[in-house]
Amino acid sequence: MIAEQTTSTPAGSRGARPALHRRRLLTGLVLGLAALLVLALLSLVFGSRVVSWTEVVGGILDPAAGDFGQQAVATRVPRTALALLVGAALGVSGAVMQGITRNPLADPGLLGVNAGSALAVVIGIAFFAISSTSQYIWFALVGAAGAALLVYAVGSLGRAGATPLKLAVAGAATSAALVSLVSAVLLVRTDVFNVFRFWQVGGVGGADFGEMAPVLPFLALGVLLALLSAPGLDVLALGDDVARGLGGRVGGARVLAGLAAVLLSAGAVAVAGPIGFVGLVVPHAARVFTGPGHRWLLPYSALLGAVLLLGADVLGRVISRPTDIPVGIMTAVVGAPFFIWLIRRAKVREL
Amino acid sequence: MSELAAGRTARVRRRIVVTAVLAVLVVALFLVTLVVGDRIYGLPDVLGVVLGQDVPGASFTVGRLRMPRAIVALLVGAAFGMAGTLFQTMLRNPLASPDILGVGYGSSAAAVVAIGFFGAQGAVVSVVAVVAGLAVALLLYALSWRGGVQGARLVLIGIALGTVLLAVIQWVLTRTEVYKAAEALRWLSGSLSSAFWGDVPPLALAMLILTPAAFALSRRLSVLQLGDDAAAALGVKPDPTRLLIVVVAVGLISVATAAAGPVAFVAFLAGPIAARLLPGASLLAPAALVGAALVLAADLIGSNLLFTTIPVGVVTGAVGAPYLLWLVARSNRTGGRL
């Protein structure tokens, strides 16, 4: 294990130096909220057309006005909201997955969950003629749950249980298999391919509130379940044997948390396409402020996830104006070096 | 003592028999590929064309269309088979084949950029794919280096690089006209439908150089299997050997990918199938034969047996996926290394 949670128990870091822990939590909260505010403003200002502050205010207060700048701002408001929503969902989902699997490398993208959603959605587009988010969500949910169960079952068989290496390889293998099935459908149906190729990069451009609404209940339920499972995840972090010895219900906690992770990642995929690496990176950053306890880790992961995704989206809009690079590409380019750094830092035996 | 010797003789005999059977199978599939198509030509006609005679009709269809396709299928299958086995043996993990680790995505990403953004075709795509494949492999090796390269780290960093390259591929697909993107997708799924005689010389030349290198390295690799310290004591330097193996294996993958696209799972399947046929033996030659047989058979199925012609990579993907999951589950249950 790489993560801190094996070396210090949740209670240890909180109980030993409460004042220090409180100061860290506060620092993280202030920094996170400040970053969020600044990025949200930048997100309204930047795009193919850079607008002035008065236009930003005008666009928020009066979206129907005729001014070009104000209209640009009005389209960027839902985009910003979507980035915040998806980032928070992916952040929590990653933190929960890392908790369930006790695996610092868990992430909806790496574990094949996104590929499962993608296959289900492409089947939906091709054979069931689905075209809106409210329909994507059900297919994404089924695909995500199926892939998550498969990868976890396959990766955790055997004596050592779900080691990071086994899970990652099982996830990559499943992704490879699912992607090849996706191509099989797309090759025969160029019309589907033309829709799907824009969906599969993962982006928040062209968002509107009407498309986002159907996903909200799923995300809300996911967050609620995640928060409810926080004590269970803390117990799981001690290892199955200790957890059972302390009277924890290991299986129940896993199921509850697993459901939360699937709901959150499927909701994010349905509305923004598969976006990788956010779920991987964010919990590690959040632990710097919160320590390993899930009660604080989950909300901070939501906050930092929103910051990361919004930041990546703004950056993608700034570096290639007047077009934008989809946020899914940006998170991969930013997240992969972090992943590689994590692996290089770890001792070989711990993988 | 005599029992040991008898056991060895039996193993050698089994090895010869199995290899010969595989070779016959490959030749048979090759001939069937030449015979079968929209129009079926008799074996005498086909053999006549192979021997260079002028047979009306068959000379064009068989000689110009089916022959290069069959040759490319054969060479590509052998290359994928050898490359996959080199990786799997070196990393001691049946799942650590280049197509699953995303090493092959380097070639694919570069080729897709070349096709999609620069309208490149033919030899240019091949060169770009090979150069990029090697560059990504060297990057992977450098990133995995921390006072030596260790299997688990190589696998995980390979997965990370593959994910980024896949993102690049998907992005390129959104930035081009749909017909170019569809062309790139066809190539990405592994297809022999555009194979022609011009593809054969560069592929054959590359194979002529890389195959002996692979066989030379496989001997050193079997010494490496004894452990790094033992190998060093026997005069095989572990890290330079691993680097050479990575370069040769990725070279094979890249030339094959350049010719036919990343045909799914052939690199992954060939080694384990060969290992089941010949347990405990050096797998390079049988894996090359199995790979060639897989690609030839899958192309036959994809272009003749189904309601519509589908690329060879989709057939191997559909066969490979269930086998892959079964293998993961099984290797875990038996406590096999992962």
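Every chain is numbered from 1, with letters handed out A, B, ... down the list of sequences. Atom set for the values below is all heavy atoms of this structure, side chains included, hydrogens, waters and symmetry mates excluded.
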Worked check of side chain to side chain contact (heavy atoms under 4.5 Å, CB included) between Leu161(B) and Ile340(A) = CA-CA 9 Å; Leu161(B) 285 179; Ile340(A) 291 169; 4.3 Å; yes
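- Between Val164(B) and Ala332(A), the closest heavy-atom pair is CG2-O, 3.6 Å.
- Annotation: the span from Ile343(A) atom CD1 to Ile159(B) atom CD1 amounts to 8.0 Å, rounded to 0.5 Å.
- Most heavy-atom pairs under 4.5 Å with chain A, from the set Val315(B), Leu166(B), Ile157(B): that is Ile157(B).
- Of all non-hydrogen atoms in Phe198(A) and Thr174(B), the two that sit nearest each other are CE2-O, 3.4 Å.
- Both the backbone and the side chain of Leu143(B) come within contact range of chain A, with heavy atoms under 4.5 Å apart.
- Sorted by first and then second residue, the salt bridge (charged side-chain N to carboxylate O under 4.0 Å, His left out) pairs involving residues 116-127 of chain A (not counting sequence neighbours) form an empty list.
- Taking all atoms of both residues into account, the shortest heavy-atom contact from Ala160(B) to Phe277(A) is O-CZ, 4.5 Å.
- The shortest non-hydrogen separation linking Ala181(B) to Arg197(A) is CB-NH1, 3.5 Å.
- Among residues two or more places apart in sequence or in another chain, the salt bridge (charged side-chain N to carboxylate O under 4.0 Å, His left out) test is passed with Arg189(A) by Asp191(A).
- For chain B, the nearby part of Phe193(A) is the side chain; its heavy atoms alone come within less than 4.5 Å.
- Heavy atoms closer than 4.5 Å to chain A are found in both the backbone and the side chain of Thr176(B).
- Heavy atoms of Leu178(A) lying under 4.5 Å from chain B are absent altogether.
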